[in-house]
Amino acid sequence: MFARRVDMHLKPNSVAEFTQRLEKDVLPLLRKQKGFQDEITFVGQGGREAFAISLWTQRRMRRSTTAGRTQK
């Protein structure tokens, strides 16, 4: 099992939107990826910092998710 950590900086008062987008957009895409096992997401107490740890069966599979990633 391999893990990939992604750190994020959130806009003020955007935790609810972040959570909704993660559940409706990001996780369904990850579940379609070969080798994806699960994801754990943490949001800091102030709601400005977050990080996610995704779990993969193989190292090369966790890296393939960065190729199609877009930032908003």
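Of all heavy-atom pairs spanning Pro28 and Glu23, the tightest one is CD-O, 3.4 Å. Between Thr41 and Glu39, the shortest heavy-atom contact is OG1-OE2, 3.4 Å.
Taking the side chain as every heavy atom from C-beta outward, Arg31 and Leu27 approach each other to under 4.5 Å. Side-chain contact check for Trp56 versus Met1: every heavy-atom pair is 4.5 Å or farther apart.
By the rule that hydrophobic residues join a cluster once side-chain heavy atoms approach within less than 4.5 Å of another member, Ile40 and Val43 end up as members of separate clusters. Hydrophobic clustering places Val26 together with Phe36 (ILVMFWY residues linked when any side-chain heavy atoms are closer than 4.5 Å, directly or through intermediates). Under the 4.5 Å side-chain heavy-atom criterion for grouping Ile, Leu, Val, Met, Phe, Trp and Tyr, Phe18 is connected to Val6 within one hydrophobic cluster.
Without hydrogens or angle criteria, Arg5 side chain to Ile53 main chain gives no donor-acceptor distance under 3.5 Å. Listed for the Ser14 side chain is no donor-acceptor partner under 3.5 Å among the backbone atoms of Leu10.
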Query - Stepwise side-chain contact (heavy atoms from CB on, under 4.5 Å) check, Glu49 with His9 - result: CA-CA 5 Å; Glu49 304 289 328; His9 300 281; 3.0 Å; yes

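To the nearest 0.5 Å, atoms CD (Gln58) and NZ (Lys34) are separated by 7.0 Å. Atom CG of Asp38 and atom OG of Ser54 lie 9.5 Å apart (nearest 0.5 Å). In this structure, CZ on Phe2 lies 9.0 Å from OG1 on Thr57, to the nearest 0.5 angstrom.
Within a 6.0 Å radius of CG in Asn13, no more than 12 heavy atoms belonging to other residues, nucleotides or ligands are found.
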